[in-house]
Number of protein chains: 2
Amino acid sequence: MTTARKAPITLHDVAREAGVSLATASRSLNGSARRVNEDYRKRVLAAAAKLNYTPNTSAQAVAKGTTNTVALLVADIADPYFSSIAAGVIRSAEDAGLIVTMAATERSPERELTLVRALRGQRPRVLILAASRVAEEASQDALIAELAAFEAMGGRVVFISRNELDFDSVLVDNYGGARQLAEELIGLGYRRFAALAGDLSLLTAQDRIAGFTDGLAAHGIELPPDRLVRTGFTRDGGHAGMLELAGRGLDDVELVFTVNDVMAVGAMSALRESGREPGVDVGIAGFDDIQTARDVTPALTTVRIPLEEVGRRAIARALLPSPESGEPATPTATEVMLRASTPGPRPGG
Amino acid sequence: MTTARKAPITLHDVAREAGVSLATASRSLNGSARRVNEDYRKRVLAAAAKLNYTPNTSAQAVAKGTTNTVALLVADIADPYFSSIAAGVIRSAEDAGLIVTMAATERSPERELTLVRALRGQRPRVLILAASRVAEEASQDALIAELAAFEAMGGRVVFISRNELDFDSVLVDNYGGARQLAEELIGLGYRRFAALAGDLSLLTAQDRIAGFTDGLAAHGIELPPDRLVRTGFTRDGGHAGMLELAGRGLDDVELVFTVNDVMAVGAMSALRESGREPGVDVGIAGFDDIQTARDVTPALTTVRIPLEEVGRRAIARALLPSPESGEPATPTATEVMLRASTPGPRPGG
DNA sequence: GCCCTTCGGGAATATGCTTTCCCGCAGGAC
DNA sequence: GTCCTGCGGGAAAGCATATTCCCGAAGGGC
């Protein structure tokens, strides 16, 4: 009984068991356009239950020419930003009877392209690209071409937080959120800012920085170039960036904005290592509102993105009839969350 | 050019383009046992590249009778414990040329069973169950039966942190880690403990509590029943549990152990709300060593599990020849990480 | 009462691919 | 020079399912 490897039971077996034809069995089980006599139907269902039959989805896919698969591409599934989005995607894909397959680009555009190509082999119904876009990118055109081919053969492409003409997308108001954040921070009394910009080749980082600096500019405040540190888009990037900033000896900085929360967390840690207390000595603000932002001490001021909902909206859009041309979907609203990490500048500042 | 929906190009097209037979085209592209003339092979490859051909994996699966799919079942993808494991799984599955599909049980045994059944339709090569086991469970037998059927038809089952006879697993030394933690905390001088036990119907929670209490017992210390709070296995569960504990007015408790890190984080937050400072007034220790444990203040003492590696080991084991009977794999070692949340009891305690 | 629909079961075909099987051809042994 | 062997191309037979097409039977209209 160990290595018996008995073949999985097929629709054939069910049909035989029920004493009906293959066609009738198929029709009974997945309710086609054709109706089937109630007696037969029951017999088939009973046989299927008795044999513990499960339709072979691959065979169904081949026969029908479509799958029930959603392919999701993220940069790094261990990053809370992406795992929250993934949770939303999985949840609502499941509600729609879709299976989701995931792959990680590890933030490499080349890998992204390779994966898209490979994923195309799966003939997924929809392909969701959540890995952020890089501004300058040789493989960009190749990606677009690949995706266009994918859509031409009937698949649906949805970008997350990345506006790509000709493709559908769930947008996030990165610019607006960052701008609003800047203004509210000014409202708290902050005047001297610095920013950790993540990798500026990432459009998301660019947008947030642009929104933030514009928000400052609207109040006549400038963000001097030497106070904008380019660094990795990760926690460790934030850590390194803060050390770099400290190394520049800008002692009068009142608030450091990082383009995402994980960087803020790294920055806070670096700040402490250099003997200063986040919130007290220097304000910190991030972007995304990952769970950790609320758990960290002091709680992190940030811009909230409803991450799970973004995931849900992605598959919702994918299931809608094709928008026929990228009417660029109203961006998901963001919300500034002021918390303890930005109590306002210290009186003696 | 919008709704053209041109059919995806098939192996047929490639063969025609290259002027060879279907068989030769197939053999050239996936290197079968049969060799094919180098000239032909090149012609086929060129044709495939020119047409931008991608094999239809569903068709391949049907023809071969196997897939390249790994199905991964987790409780909640947004939980860092699971997303870290998932990251490991995805990474090394990909190295092995496997695609991973994910689903979330939302911690419901019924859902788990339903999903396993549905996933079976995919005929995955391996099925990884990472959602924790519930002790008393009506659907348990059904699950086992389902999985046995799955293995009988050639699939591989790997449990994560859950020892199920007859199935392979990657184990985690929950008991040993917790026990070691208890002893080290005693070494720091702590004597009066309490614990937030998560849902005690979860075996993982049980093991950790057992290890912890046994560790205490080895030094003649007891964990009175009224100091063990059953609560949810989540962050909010930890929060609620800590409030509950505080409500019991046990003011002499020096250290609170929570069965996982997310609960510890919730507990720290609750502690602050009730006016006490984690680490200073009460020590806190968790389990898992998720990233946040290091980012929180004070940094959380915990028991480290190499989560990503656990994921990698899961697919590594799945790819090995079947162990033929559950020799229960040496458990993955855990490591106690003493951090600032347990500086030792306050002198005046 | 006859003809025309409609209903619905079943045989057969299609899907895109792998693999078996057949067969021709070239090369080596004697 | 014949026979045998082995290499490798191509036709064809699967794989598990969906769907088209055919056809008999039942029902309704006049």
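All chains are named by letter (A, B, ...) in the order of the sequence lines, taking the proteins before the strands, and each is independently numbered beginning at 1.
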Atom [atom1] of [X] to atom [atom2] of [N]: distance rounded to whole Å?
X	N	atom1	atom2	value
B:His12	D:dG10	NE2	P	13 Å
A:Arg27	D:dT19	CZ	P	10 Å
A:Leu29	D:dT19	CG	C1'	15 Å
A:Leu11	D:dA18	CG	C1'	9 Å
A:Leu22	D:dC15	CG	P	13 Å
B:Asp13	C:dT15	CG	P	12 Å
A:Met153	C:dT15	CE	C1'	14 Å
A:Asp39	C:dG9	CG	C1'	13 Å

By nearest-nucleotide position on DNA chain D, the 5'-leaning member of B:Ser21 and A:Pro8 is B:Ser21
Whichever of B:Arg35 and B:Ala63 has the more 5' nearest nucleotide on DNA chain D, that residue is B:Arg35
The residue among B:Leu72, B:Ile128, B:Val126 that forms side chain to side chain contact (heavy atoms under 4.5 Å, CB included) with B:Ile315 is B:Ile128
dist B:Ile99:CD1 -> A:Met102:CE (nearest 0.5 Å) comes out at 11.5 Å
query = With sugar-phosphate meaning primed atoms plus P, OP1 and OP2, does A:Val36 contact a base, only sugar-phosphate, or nothing at under 4.0 Å between heavy atoms?
reply = sugar-phosphate
Decide yes or no, distance alone: a donor-acceptor N/O pair under 3.5 angstrom between the base of [N] and the side-chain of [X].
X	N	result
A:Arg41	C:dG8	no
A:Arg123	C:dG16	no
A:Arg34	C:dT6	no

Quiz prompt | Cationic N near anionic O, under 4.0 Å, B:Glu309 to B:Arg312 | solution = no
Taking only the side-chain nitrogens and oxygens of [X], find out if one of them lies under 4.0 Å from OP1 or OP2 of [N].
X	N	answer
B:Gln60	C:dC17	no
A:Tyr53	D:dT17	yes
A:Ser26	D:dT17	no

Does the [X] side chain pair with the main chain of [Y], one donor and one acceptor, at a distance under 3.5 Å?
X	Y	value
A:Thr67	A:Arg123	yes
B:Ser58	A:Val62	no
B:Arg156	B:Leu320	yes

I want to verify a distance call: between [options], whose nearest atom is closest to the [X] side chain?
X	options	value
A:Asn37	C:dC17, C:dG9, D:dT19	C:dG9
B:Lys64	D:dT17, D:dA16, C:dT18	C:dT18
B:Asn30	D:dC15, C:dT18, D:dT17	C:dT18

Rounded to 10°, the helix from C:dG1-D:dC30 to C:dC30-D:dG1 deviates from straight, judged by its five-pair end axes, by 40°
Quiz prompt | Distance-only polar pair, side chains of A:Thr332 and A:Arg313, donor-acceptor under 3.5 Å | solution = yes
Notebook entry, point to check: Between B:Ser108 and B:Glu106, does any side-chain donor sit less than 3.5 Å from a side-chain acceptor?
Noted result: no
On DNA chain C, more 5' by nearest nucleotide between A:Ala23 and B:Asn56 is A:Ala23
